[in-house]
Amino acid sequence: MGHASNQAGPAPVAGRPRLSGLLPGPAPPALRTGPHPCAPAQGRPRAEAMRVLVRRCCGYLPASGGAGRRLGPHWRAVAGLGWCPSGEDGRGARVREKPPWRVLFFGTDRFAREALRALHAARENKEEELIEKLEVVTVPSPSPKGLPVKQYAVQSQLPVYEWPDVGSGEYDVGVVASFGRLLSEALILKFPYGILNVHPSCLPRWRGPAPIIHTVLHGDTVTGVTIMQIRPKRFDVGPILKQETVPVPPKSTAKELEAVLSRLGANMLISVLKNLPASLNSGRQQPTEGVTHAPKISAGTSCIKWEEQTSEQIFRLYRAIGNIIPLQTLWMDNTIKLLDLVEVNSSVLTDPKLTGQAVTPGSVIYHKHSQILLVCCKNGWIGVQSVMLKKTLTATDFYNGYLHPWYQKNSQAQPSQCRFQTLRLPTKQQKKKIVAMQQCIK
């Protein structure tokens with residue numbers, strides 16, 4: 001079947017037309033006229049013709065046939081092994097047109113765990129009959145217990161596979177949440193209804209593995225969750241099936257925002273699965289405008305640049321990544337981690353002891369009344385309640401053990417000389433990627 005031949009092929013099986021003839025179910029609009037895409041006319045090799053059919057059957061019709069319209073599951077099934085009876089996929093298994101669904105879930109972190117929890121609850125609800133079968137794929141973890149998704153799956157006695165093992169069962173649809181691995185086209189085509197992705201942003205804003213971190217880091221006031229359909233080779237570019245927005249609570253951390261979005265995403269996923277064929281048919285392409293990317297953060301991101309960053313930018317950074325990697329700076333050639341940052345009360349800022357001193361970005365002053373370290377930045381001050389320098393120290397401990405002795409030794413020194421300096425990590429270490437927040441939190 002590698003190229004065209006003039007010889008007659010084997011007689012068709014009774015009741016089953018040739019591949020080059022009729023296909024199961026009503027033909028999509030794009031294929032109702034003209035030669036069939038698999039017909040080896042004009043010398044087109046059969047292998048090439050099959051690839052054309054696969055491209056037409058695995059996602060969306062070409063522009064000439066109504067761009068963006070989803071092909072029915074019996075047409076997607078043809079992309080598996082060529083011809084198959086109506087209502088069956090390419091492996092001979094019947095394609096379901098309504099629930100209950102057989103689901104393979106891909107996920108890792110707490111955000112994904114909430115989606116898995118919703119799927120498991122739906123599977124346990126025998127009256128609704130939404131999920132019949134639920135199995136799980138996760139990634140290896142240094143922790144013996146595994147990531148949150150694996151922990152939940154084991155606790156709930158769900159079958160668990162470790163990537164790249166995805167099992168060999170039959171499924172109707174796949175679901176991905178915070179998985180962090182590109183899925184191949186061959187894998188996607190194993191699912192008659194494709195693979196859905198629960199993504200915690202309003203796509204196309206913040207495509208990539210760390211959308212919640214970048215939402216907080218950039219001070220977004222509105223975010224949301226998108227249920228989209230996976231496409232091979234690129235992250236977060238598929239059609240949108242459902243999207244809802246929510247306001248970002250003021251001063252919320254990425255961890256707090258994750259909890260809000262995980263619950264929203266889980267509910268949206270169940271809603272889509274209840275009306276899966278209709279949701280796929282009504283999917284819309286992502287806008288080409290407003291695309292932003294949310295890459296994994298690097299170790300260098302945690303290094304405060306006192307001369308460049310405002311107090312607001314430093315607080316955003318702290319709320320975005322502080323629970324993953326502490327913000328870092330340099331104290332007398334030693335790396336020091338700032339553990340608990342607080343906003344500085346206006347009464348403190350008007351203290352004559354503070355306003356009457358010459359300071360520069362990075363200058364450190366201990367405020368005895370509030371028992372915090374005050375650190376000058378580009379346009380104001382931040383407060384620090386505790387640090388880590390060899391061990392965890394309160395602001396008072398740091399003053400007694402380091403600041404006060406320094407001033408005693410340098411009695412003529414100005415406060416501008418007692419300062420934190422920007423930590424410059426070696427290039428290799430600075431570029432080291434930190435796993436996105438959703439995968440780090442256990």
Side-chain angles (χ1 to χ4, degrees), residues 216-217 250-256 297 299-425 434 437 441:
V216 175
L217 188 60
K251 301 179 183 179
S252 65
T253 65
K255 184 177 180 180
E256 293 166 343
I297 60 170
T301 307
S302 66
C303 300
I304 300 176
K305 301 175 178 63
W306 301 106
E307 299 84 357
E308 301 174 19
Q309 293 176 304
T310 65
S311 58
E312 176 60 26
Q313 289 173 327
I314 294 173
F315 279 122
R316 285 181 189 169
L317 181 63
Y318 173 67
R319 292 194 293 265
I321 70 171
N323 66 310
I324 308 171
I325 176 171
L327 304 193
Q328 302 180 86
T329 190
L330 204 60
W331 164 258
M332 303 299 169
D333 297 326
N334 293 302
T335 299
I336 183 171
K337 297 178 180 180
L338 311 184
L339 302 182
D340 296 298
L341 271 60
V342 294
E343 294 187 1
V344 182
N345 191 289
S346 58
S347 62
V348 175
L349 295 176
T350 56
D351 190 325
K353 293 181 180 179
L354 186 65
T355 57
Q357 301 193 53
V359 294
T360 59
S363 293
V364 187
I365 297 175
Y366 176 68
H367 192 263
K368 186 175 181 179
H369 179 71
S370 55
Q371 295 185 325
I372 61 174
L373 298 174
L374 301 175
V375 189
C376 181
C377 47
K378 182 179 178 181
N379 74 334
W381 298 80
I382 64 167
V384 181
Q385 290 182 318
S386 64
V387 302
M388 180 175 286
L389 183 60
K390 299 181 181 178
K391 64 178 182 178
T392 300
L393 303 168
T394 65
T396 303
D397 292 337
F398 182 74
Y399 172 74
N400 291 332
Y402 294 91
L403 279 185
H404 185 60
W406 187 88
Y407 275 115
Q408 286 183 321
K409 185 178 180 180
N410 303 275
S411 57
Q412 304 302 316
Q414 295 296 318
S416 59
Q417 296 174 268
C418 180
R419 57 192 293 262
F420 289 148
Q421 294 179 307
T422 298
L423 174 62
R424 310 289 181 183
L425 294 176
I434 305 298
M437 181 198 70
I441 300 174

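Excluded from the calculations below are hydrogen atoms, water molecules and symmetry mates; all remaining heavy atoms, backbone and side chain alike, are included.
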Scan the side chains in residues 378-391 for donor-acceptor partners under 3.5 Å anywhere in the protein, sequence neighbours excluded, and list what turns up.
from	atom 1	to	atom 2	distance (Å)
Asn379	OD1	Ser311	N	3.1
Ser386	OG	Asp340	OD2	2.5

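- Looking at every heavy atom in both residues, Thr329 comes nearest to Phe420 through OG1-CB, 3.5 Å.
- Rounded to the nearest 0.5 Å, atoms CZ (Arg419) and CG (Leu330) are 10.0 Å apart.
- Listed by first and then second residue, the salt bridge (Lys or Arg N to Asp or Glu O under 4.0 Å) pairs that reach into residues 317-332 are Glu312-Arg319, sequence neighbours excluded.
- Side-chain atoms of Leu374 and Val364, non-hydrogen and from C-beta on, never get closer than 4.5 Å to each other.
- Not counting sequence neighbours, the partners of Tyr366 by the ring pair (Phe, Tyr, Trp, His ring centres under 6.0 Å) test are Tyr399.
- Under the rule for a side chain to side chain donor-acceptor pair (under 3.5 Å), the partners of Asn345 that lie at least two apart in sequence or sit in another chain are Ser347.
- By the salt bridge (charged side-chain N to carboxylate O under 4.0 Å, His left out) test, Glu308 is found to be paired with no residue, residues two or more places apart in sequence or in another chain being considered.
- A donor-acceptor pair is defined here as one N or O able to donate and one able to accept, closer than 3.5 Å; such a pair exists between the side chain of Gln313 and the backbone of Thr310.
- In this structure, the separation between CG on Leu317 and NZ on Lys305 is 8.5 Å, given to the nearest 0.5 Å.
- In this structure, the side chain of Gln309 does not engage the main chain of Trp306 through any donor-acceptor pair within 3.5 Å.
- There is a side-chain donor-acceptor pair under 3.5 Å between Gln408 and His404.
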Discussion item. For a side-chain contact (heavy atoms from CB on, under 4.5 Å) check, start with the C-alpha distance between Thr253 and Val216, then their side-chain angles and the critical distance, and finish with the verdict.
Written reply: CA-CA 7 Å; Thr253 65; Val216 175; over 6 Å; no
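- Between Ile314 and Cys377, the shortest heavy-atom contact is CD1-CB, 3.8 Å.
- Here Ile365 contributes atom CD1 and Cys418 contributes atom SG; the two are 8.5 Å apart, rounded to the nearest 0.5 Å.
- Every residue two or more places apart in sequence or in another chain that forms a ring pair (Phe, Tyr, Trp, His ring centres under 6.0 Å) with Phe398 is listed here: Trp331, Tyr402.
- Taking CG from Leu393 and CD1 from Ile336, the interatomic distance works out to 7.5 Å, rounded to the nearest 0.5 Å.
- In the model, Thr335 has no side-chain atom that pairs as donor or acceptor with a side-chain atom of Gln328 under 3.5 Å.
- To the nearest 0.5 angstrom, Leu403 atom CG is 6.0 Å from Leu373 atom CG.
- You'll find the side chain of Ile321 reaches within 4.5 Å of the side chain of Leu327, heavy atoms only.
- Rounding to the nearest 0.5 Å places CG of Leu338 at 10.0 Å from OG of Ser302.
- Within the 3.5 Å criterion, the main-chain N or O of Cys376 finds no donor-acceptor partner in the side chain of Ser363.
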